[in-house]
Colleague: 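Shown below is the structure under consideration.
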Amino acid sequence: MPATYVIDVRHKLVISKGTGVVTAADLEEHQKRLRSDPQFQPDFWQLADFSATTDVQVTVDDIRRLAQGSPFRSGSRRALVVPRPVLVGIGRMFQTLTEEDGVDLQLFDTLAEASRWLGIDT
């Protein structure tokens, strides 16, 4: 599966990972699974690692819909690891749209940088 996650309840953290080609449908399913997971809480933080993602197939409308459908709420911190230029562009659009909801989302080149910003050990 191109979009997976693990929930670390003790640290109130969702660790998501994208691999290979990730589509809008994959990301929407990821959001749906998170929302229905009994361990998930909307105020958890997220570390989303797209280092192993080769392509993200989304439109601007998809990004808008994903930002509006985010299961995370205001006050959440979210770190996206997006080491490829195409992923950075998509991440920036998503970042702009989620800022309106008070989510602190930052983009990083490496997992180590993202982890440091979240204050967690990888």
Side-chain angles (χ1 to χ4, degrees):
M1 180 166 282
T4 60
Y5 71 87
V6 173
I7 297 176
D8 180 343
V9 175
R10 186 171 148 249
H11 292 102
K12 298 181 178 182
L13 178 69
V14 175
I15 302 166
S16 300
K17 186 168 182 74
T19 56
V21 176
V22 178
T23 66
D26 296 326
L27 296 170
E28 288 170 346
E29 179 63 24
H30 182 270
Q31 287 182 340
K32 181 181 173 184
R33 286 191 329 260
L34 263 180
R35 241 185 252 97
S36 65
D37 192 312
Q39 293 185 310
F40 175 73
Q41 296 297 317
D43 61 340
F44 281 8
W45 291 4
Q46 183 185 35
L47 174 60
D49 183 5
F50 290 93
S51 299
T53 302
T54 56
D55 192 19
V56 178
Q57 297 177 349
V58 295
T59 66
V60 172
D61 287 338
D62 292 333
I63 295 167
R64 189 173 291 115
R65 191 173 53 255
L66 287 161
Q68 291 170 345
S70 173
F72 295 90
R73 72 170 172 224
S74 177
S76 291
R77 289 185 90 181
R78 300 175 71 186
L80 271 62
V81 180
V82 287
R84 291 176 182 73
V86 68
L87 300 176
V88 172
I90 292 167
R92 289 269 181 246
M93 283 189 275
F94 189 76
Q95 180 183 37
T96 299
L97 292 167
T98 57
E99 282 175 348
E100 299 170 1
D101 295 327
V103 173
D104 189 1
L105 185 144
Q106 298 295 318
L107 307 180
F108 299 91
D109 291 329
T110 68
L111 186 58
E113 292 171 328
S115 298
R116 253 190 315 280
W117 182 73
L118 289 171
I120 60 170
D121 292 326
T122 53

Colleague: Mind listing the closest non-hydrogen atom pair of Arg64 and Leu97 along with its distance?
Modeller: CA-CD1, 3.6 Å
Colleague: Extract all donor-acceptor atom pairs below 3.5 Å that involve side chains of residues 102-109 and protein atoms in other chains or at least two apart in sequence.
Modeller:
residue : atom : partner : partner atom : Å
Asp104  : OD1  : Gln106  : NE2          : 3.2

Colleague: If you group Ile, Leu, Val, Met, Phe, Trp and Tyr by side-chain heavy-atom gaps below 4.5 Å, do Val22 and Phe94 land in one group?
Modeller: yes
Colleague: Give me the one residue out of Asp8, Leu80, Val14, Leu111 that meets side-chain contact (heavy atoms from CB on, under 4.5 Å) with Leu47.
Modeller: Leu111
Colleague: Mind checking the CD1-CD1 spacing from Ile15 to Ile120? Nearest 0.5 Å is all I need.
Modeller: 6.0 Å
Colleague: Output yes when a side-chain donor or acceptor of Asp37 lies under 3.5 Å from a complementary backbone atom of Leu34, and no otherwise.
Modeller: no
Colleague: Is the side chain of Ser16 donor-acceptor paired with the backbone N or O of Tyr5 at a distance under 3.5 Å, no angle test?
Modeller: no
Colleague: For Ser76 and Gln46, does a side-chain donor sit closer than 3.5 Å to a side-chain acceptor?
Modeller: no
Colleague: Under a 4.5 Å cut-off applied to non-hydrogen side-chain atoms, are Arg84 and Phe50 in contact?
Modeller: no
Colleague: Identify the heavy atoms of Thr23 and Val58 that sit nearest to each other, and give their distance.
Modeller: C-CG1, 4.4 Å
Colleague: Are Leu27 and Val82 connected in the hydrophobic side-chain network, where two residues link if heavy atoms are under 4.5 Å apart?
Modeller: yes
Colleague: Please check if the side chain of Gln41 supplies one atom and the backbone of Lys12 the other of a donor-acceptor pair under 3.5 Å.
Modeller: no
Colleague: Are Ile90 and Val21 grouped together when hydrophobic residues (ILVMFWY) are joined by side-chain heavy atoms under 4.5 angstrom apart?
Modeller: no
Colleague: We want to know whether Ser51 and Asp49 form a side-chain donor-acceptor pair, criterion being a heavy-atom distance below 3.5 angstrom.
Modeller: yes
Colleague: For Thr19 and Thr53, which heavy atoms make the closest approach, and how far apart are they?
Modeller: N-OG1, 3.8 Å
Colleague: Provide the closest heavy-atom pair for Arg35 versus Pro71 in the form atom of the first, atom of the second, distance.
Modeller: CG-CB, 4.0 Å
Colleague: Quick one: pull up CZ in Arg92 and CD in Gln95 and give me the separation to the nearest 0.5 Å.
Modeller: 5.0 Å
Colleague: Looking at CG of Leu66 and CD of Gln31, how far apart are the two atoms once the value is rounded to the nearest 0.5 Å?
Modeller: 5.0 Å
Colleague: Compare every heavy atom of Phe40 with every heavy atom of Phe72, then report the nearest pair and how far apart it is.
Modeller: CE2-CE1, 3.7 Å
Colleague: Is there a path of hydrophobic side-chain contacts, each under 4.5 Å between heavy atoms of I/L/V/M/F/W/Y residues, joining Trp117 to Val88?
Modeller: no
Colleague: With distance as the sole criterion, is a donor-acceptor pair present between the side chains of Gln68 and Arg65 under 3.5 Å?
Modeller: no
Colleague: Indicate the atoms forming the closest heavy-atom contact of Ala52 with Lys17, along with that distance.
Modeller: CB-NZ, 4.3 Å
Colleague: Does a donor on one side chain and an acceptor on the other come within less than 3.5 Å for Thr98 and Arg78?
Modeller: no
